[in-house]
Each structure stands twice: as structure tokens, then as C-alpha cells.
Amino acid sequence: MSENVVHLHKPTDPPTDGMAPTVLTVVPDPSPAPPVPLWVRSGRAVRTAVRHETTRATVRAVARHSLYTFNGGRIVARRTWDGRTGARYERMIRAAEAAGNLEAAQEWEERLTRFRAARHHRRMDLLHSPVDAAKSVAVGAGMSVGALVALGVVMAISTGEVRDVVTPLSATIDFIALLIRIVQIVWGPALTIGPFLALLALWSVGRKQHAAPAWALPANVRSGEGEPITPSIVVKALRDLGVPALARAIKEMGDAGASMLGPIRIAGCGVEVDVTLPSGVATNEVQQRRRKLAENLTRHEHEVFITIPQAARTVRLWVADSGALDEPIGPSPLVTDETMTANYKTGKAPWGQDLRGDAAAISLYQRHLLVTGLSNQGKTAALRALALWLALDRSVQFWIADLKGIGDWAMFDGIAQVLIEGPSDDHVIQATEMVEDAVEEMNRRIEERRRDPSIVFEPLIVVVDEAQLAFMCPVVGDDKRPYGGSKATSRYFMAVRKVHNQGRAVDVLMWQGTQDPTDQNLPKLVREGAHTRASLVLGTESQARMALGDKAVDGGAAPHLLRQGLDKGTLVVASDGITIPAGQASITVRTHFIDDEPAAEIADRAKALRDGLTTLRVVDQGEERDALADVAAVLGDAPRLRTNEVLKRLHALDSSVYGDQWTNDRLKRLLEEHGEEPKKSNGVMVVHRDHVLRALAHRDTEGSASTTD
């Protein structure tokens, strides 16, 4: 018989076998969230209503129109006070004294004296005016009654009725009674409506003057887009410029701060105004704050230009209309007018437009030229546009070295007597020899001029584009003289200096285009030898001084403040060959862009004037070309180039060899023959410089081995 064991303690471990009972867990419902207090909900509703844009717009509108009325009353009261007292003259005197203009202060003081004398005379006349007025009323009434009675007598004689004598007098009395009755009827409503009309007039005055805080003004006024430039805006912008002496002087002038300003004149796509600065404020203090001044005038920095005219203590502000400078200018007259001709001596090349929108034309007669700027900003296009115009004068000769070598000057084949195209050291050597030949030509002309002072020579224009490659060339010749550099032993440097020194007298002129100027790639003596200096956008003020000179930059020239990429083709020019406003040292020109196809058409017109001139190319046309070496040469320092760009440069190097028969497939076969081939980069077929150099090295190694065998 088995015994049942009864456990008095409940086991703490639940059973683990399949017979274990199912345990249900009952989770109680969460307790309801406490209700949001009424004051919290009310606060949220009020906050939402207050922050709503409709509420803000309503508050701004109420504040704006209320302040229009209030401040309009202040303006009218001020005008009335100025008209009745000498306050206006006193303000003008203080303004002239603050500006240091004692002559103007004395003139305003004389005007104040005359005003006070006239006012005193009027007040003295008031002492006698009651008696005079009474006499005038009595005499006038008597004459009026007499005239009416006389008229009545005439009527009585005419009609034979004696009572007609008083008819005109009676009619006049009735008319006066009617006027009194009309006034009695209108007087009540006029008293009611009159104050509202007065408030409406005050509101209109305040609205025209924008007499309200900026936060209360409409959005289009607050943004300032398209806001016209007025004297008050200019004065406020100058006051807030951050020049303490200027701010104090304007504050002392009161509302007469506009006395510093000359007339605001429309100038092209903007306005121009001369500002005479008060004593103690230098012109460069305003120039150095161009960005702040532009923003104070609700303009971008590139839309405000500050120059220094001849008048002492004066700055000239040119302020563009908003967005006007971002609009393109029209095509060049060279493109639109196929009948245009050129004259080297008396003509001017159509280069573009100035900021006023007027045509900017430049004389090239006996002027050396330098165009510089950062890369890919339109330097070659600006230089080429001048050469294309001058090519229409058949007497002008061109010697051209394009050290970029990608065909920018290819259309001058048939115009230029010498055309060098390529970026390699060999091309730099040939460009240097070309300039040295120009020196010899110059010396020959000087000798002929000594023998015959009346002799006239055909102009010779020596163009070197990308001249920085010539100055930086490391090659040393057999005579131990370097081609590049800026020392007296440098061949290119010394040749350019000689042309600058004496070439102008015999019409041998040097045109150079260079990029990113430094003392190394554009020596001081060379840049200062150019009569016409023009600069596109530059990186720093020191580069601007290199490009244009200290005088131009101190006078307001600022190519370093142009926008890279956005102001392509915009040049700051310092030259006596272009019309510059009186007192300024430079002018900003937006040049016409002439693309390759229109340039070729203009060149064709020039070629038709030259009777089949034969251009001497860099390479003898009968010379056998080393295609692989030429590919390496056109690549230059570029790590890789697209195949179509390589083909374009090869064609520019020698069009007779690398003509239409040279295609992407032929270029590919050339590289494959030497164990290399073009490869794709970002989906575009390119040629790598390292691959070409490796193929050249492999070919030279194989050639040496076969020679040894």
C-alpha cells in the first residue's frame, strides 16, 4: 500500500512538462490621461492665433497705416515750421559747416539774413494792416454799392420803371443770402467729414515717404528689390557705413544730409551720383566698404562701383538696377554688320558696352596691349575680338603665337604671316624667336626712319596668347641663356622689353594675354610697358595692382571684386585709348563674345582683303610627323584629355597632316600599336598622359634594343 505525500508548500518553479497549466496574465487598462487644464488650452489657442501669418499681417497693416498718419502729421508740421521759420536755413548752415564747406555756409547765412529781414518787414506791415483793411473794405463796399445803383439807374431808364434802380442791389443781397444758406447746410457735414479728410491727407504724405518702421512695411518694400535710389536712401546708406566721422557729420546735418550729394543722374542700367565727403573722412574709407554700402543700398556688391573723380573729397557712386548686370549684352557689330571696315590709325574697335550701356570702343593705334585675368574667364575671346576687327584693315600684319594651342586662333591662318599654335616648350622657343625677329624688324625700321623721316610703315601686331608659359619656360638655350624668367639674360623677357621701349615709334606693337598674374609669370617691367591694360576677374587686390597699376586701383578699379564665372568677359580697362569719364582712372567694359563660327566668318572677310596671303606655320608642311610625340605634346601638363579635344589640338598643330582622316578610331589604333589605348572616364573616352609617355618610353626602349642587335 502506497502512501500519498502531501506537500504543505506550493512549489515555486512552474512545471516544465507538457501537462503544465496555462497561465493567463491580466493587464489592467491604463489610467486615463489627466485632462488638460482650461488655461493651458486657452494659452495654446492664443499662441497659435498670435503666431498665425494672418494675425501678423493684420498687426503690420494696422501699425503701418497708423504710423503713416502719425508720421505724416510730423512731416507736414515740419514742413510748415520750415516754411514759417529759418529752421531750414540753419540746418543747411550746420550741414555746410560739418562738410567743411565754409563758402556754402556763408551763402546760406546770407539767405537766412534776407529771409529774416523780409519776415520782419511783413510783421511791421501787420501793425498798419487793420486800418488799411478797414479803409479798403469801406472803399470797396462804397464802390460796389455805387456800381450796383448806377447799373440800376441804367436799367430804370431802359425799362421806364423806377423800382428797377434797386433791382441789382436786391439781387446781390439775395445772392449773398443764398451763399449763407448753402454754407449753413454744408457747414455741419463739413465739420464731420473735414477731420477725416485731413487724416487722409496726412496718411497720404506718410505713405509716400514710407514713414513707418521697416518691419511694418509691405514685403516688396522691405525686400528692397527694385527700390529706386533716392537722396534719403543714399544718405542713410552712408550714415550706416561704419565710418564714425561720416556718421557724426551726417547726424549734425540733420535732414540736410543730402547736401553732400550731387544730382542723381540716370546712367545706363543704373544711376550715378557724386558724394562730397565731409571734412575728416577719406575717400578710401568709403571704397574699402563697398560690400556694406551695396547692401545698405539693397544691392549686391557687384552692382555698386565706387570711383574717385577729380574733385577733392569726392566719391562717385554708380548703382545698377537690381539684376541688370546679369542680363547679357547684344552681339558684336562685327557679327551683325558685314560691311564694317577697320582703320588702324583713326578707327576704334567695337569691344563691348560700358556700365552706362553706351558702346565701348577702343583705339589700338600705337598702343601695346596686355589682357589678363583668371583662367576660363574670356581673356582669349576679348583679345581675339580686337584682332578680328583690326584684321579688316588690310595694311596690318599679324605675327601670332597661341601657346594654348587648341585652335582659338586657327581662323587667322591666311591672315597672319606667322602662326604658332601649341603649348610645348618647343612652341615657346619658336614664340620667343618670333618676338626676337620682331625686334630685328623694329631695328630695321628705325634705321630706315633715320634715313628717311617721312617713311610710313605697315603696322605689325605681335600677339602672344598665354604668355605666362613663355615667362615660366625652364629651357636654356645653347648660348646658356634661359628662354623664360625675368632677368636680363631671359630671351623672351628682353625681347618684349625692347619692343615695348621702341616699337611704338615704328608701329611694331606687342599684344599679350596672360592668366593669374604673379611677379614670376608677368614681370613688373613688362606689365608696366603696356599702354592699354585690361583685366578680367582676379583673385586678390595685389593681382589687380599687378594687372592695372596702383593708380587705377587707388582710383576705384576692382577686378578682384568681379564674380568668377558670372562676370565672364567683363573687363576693367585702364587706357587712354578708350573714353573714360573725367577724373576716373579706369572703366568697366562688358565685352561682346564672338564664338568660333562667327569669328571664322569675320576672318573670311579679312582674308578676302589680303589676296591669298600665305601663313608660315610652326611646322614645315613637308616635314614627316611623329604622331605619338605630337599626342604627348598636345596633352601638355594635362593628366588626361578627351579624345575629341586631342584631335582638335592635333589639327591645330598641323592641319595638313592631322586633317579629317584623323578620327577617334585612328587615334585608338595609334595607341594600341604601342601597347596602350584610350579608356573611358565618367562615360567619356579620354587619353591619359601617363599612358602616352609610357608608350613613348616603351617605343624608345625597343628602338634602342633593335639598334644594339
Side-chain angles (χ1 to χ4, degrees), residues 282-294 299-309 315-318 320 325 351-352 354-355 360 362 367-383 465-468 471-472 486 500 511-578 580-581 583-591:
T283 54
N284 65 337
E285 292 183 278
V286 177
Q287 279 186 299
Q288 293 168 358
R289 292 169 173 81
R290 174 178 164 182
R291 173 175 293 181
K292 191 170 185 178
L293 178 61
R299 295 295 191 272
H300 296 292
E301 183 179 12
H302 72 278
E303 294 176 328
V304 174
F305 288 80
I306 306 172
T307 53
I308 310 299
V315 294
R316 178 168 294 161
L317 307 181
W318 186 87
L325 294 184
W351 212 4
D354 61 15
L355 295 179
I362 185 169
R367 289 178 176 88
H368 302 300
L369 178 64
L370 172 65
V371 179
T372 187
L374 296 182
S375 176
N376 194 31
Q377 299 302 306
K379 167 182 53 61
T380 297
L383 191 63
D465 195 10
E466 304 296 340
Q468 75 277 358
F471 287 111
M472 299 295 290
S486 58
H500 278 176
W511 290 10
Q512 293 184 99
T514 182
Q515 62 178 251
D516 202 9
T518 65
D519 283 328
Q520 288 72 37
N521 63 26
L522 187 59
K524 180 178 180 180
L525 293 178
V526 168
R527 60 184 186 243
E528 291 184 350
H531 303 100
T532 295
R533 300 166 72 173
S535 176
L536 297 118
V537 58
L538 290 171
T540 64
E541 181 180 336
S542 62
Q543 287 184 314
R545 293 183 181 275
M546 292 180 190
L548 300 176
D550 292 336
K551 179 181 178 181
V553 175
D554 291 339
H560 55 290
L561 296 181
L562 296 173
R563 301 166 297 167
Q564 185 173 358
L566 298 177
D567 290 326
K568 280 188 175 182
T570 299
L571 285 165
V572 182
V573 185
S575 171
D576 60 352
I578 192 169
I580 297 178
Q584 295 181 197
S586 65
I587 186 173
T588 301
V589 177
R590 303 172 69 195
T591 59

For the atom pair [atom1] ([X]) and [atom2] ([Y]), what is the distance rounded to the nearest 0.5 Å?
X      : Y      : atom1 : atom2 : answer
Ile578 : Ser586 : CD1   : OG    : 10.5 Å
Leu383 : Leu571 : CG    : CG    : 10.0 Å
Leu374 : Ser535 : CG    : OG    : 8.0 Å
Gln288 : Ile306 : CD    : CD1   : 10.0 Å
His560 : Leu548 : NE2   : CG    : 10.0 Å
Leu562 : Thr588 : CG    : OG1   : 7.0 Å

Just by distance, do the side chain of [X] and the backbone of [Y] share a donor-acceptor pair under 3.5 Å?
X      : Y      : value
Gln543 : Pro517 : yes
Arg299 : Ala320 : yes
Thr591 : Gly569 : yes

What closest approach, in Å, do [X] and [Y] show between heavy atoms, and which atom pair accounts for it?
X      : Y      : result
Ala294 : His300 : CB-O, 3.5 Å
Thr372 : Ala547 : CG2-CB, 3.3 Å
Ala557 : Pro559 : C-CD, 3.7 Å

For this session: Could you tell me which residues satisfy ring pair (Phe, Tyr, Trp, His ring centres under 6.0 Å) with His368, sequence neighbours excluded, listed by chain and number?
Result: His500, His531
I want to check something: taking the side chain as every heavy atom from C-beta on, are [X] and [Y] in contact at a cut-off of under 4.5 Å?
X      : Y      : answer
Val315 : Thr307 : no
Leu536 : Val371 : yes
Leu293 : Leu317 : yes
Leu561 : Glu301 : yes
Val573 : Trp351 : yes
Ile308 : Gln287 : yes
Val526 : Phe471 : yes
Ile362 : Thr532 : yes

Problem set entry | Cation-pi geometry met for Arg290 and Phe305 (6.0 Å, 45°) |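 Positive - Arg290 is close enough to the ring of Phe305 and near enough to its axis.
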Problem set entry | From CA spacing to verdict: side chain to side chain contact (heavy atoms under 4.5 Å, CB included), Asn376, Lys568 | CA-CA 8 Å; Asn376 194 31; Lys568 280 188 175 182; 3.6 Å; yes
Problem set entry | Arg563 atom CZ: more than 12 heavy-atom contacts under 6.0 Å |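 Yes, because the 6.0 Å sphere around CZ of Arg563 holds more than 12 heavy atoms from other groups.
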For this session: If a pair satisfies salt bridge (Lys or Arg N to Asp or Glu O under 4.0 Å) and one of its residues is in residues 522-533, list it, with sequence neighbours excluded.
Result: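 For residues 522-533: Asp519-Arg527.
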[X] with [Y]: basic N within carboxylate O range, under 4.0 Å:
X      : Y      : result
Glu466 : Lys379 : yes
Arg367 : Asp576 : yes
Arg289 : Glu285 : no

Problem set entry | Positive for side chain to side chain donor-acceptor pair (under 3.5 Å) with Gln468, one of Asn521, Thr514, Asp516, Thr518 |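 Answer to the side chain to side chain donor-acceptor pair (under 3.5 Å) test with Gln468 among Asn521, Thr514, Asp516, Thr518: Thr514.
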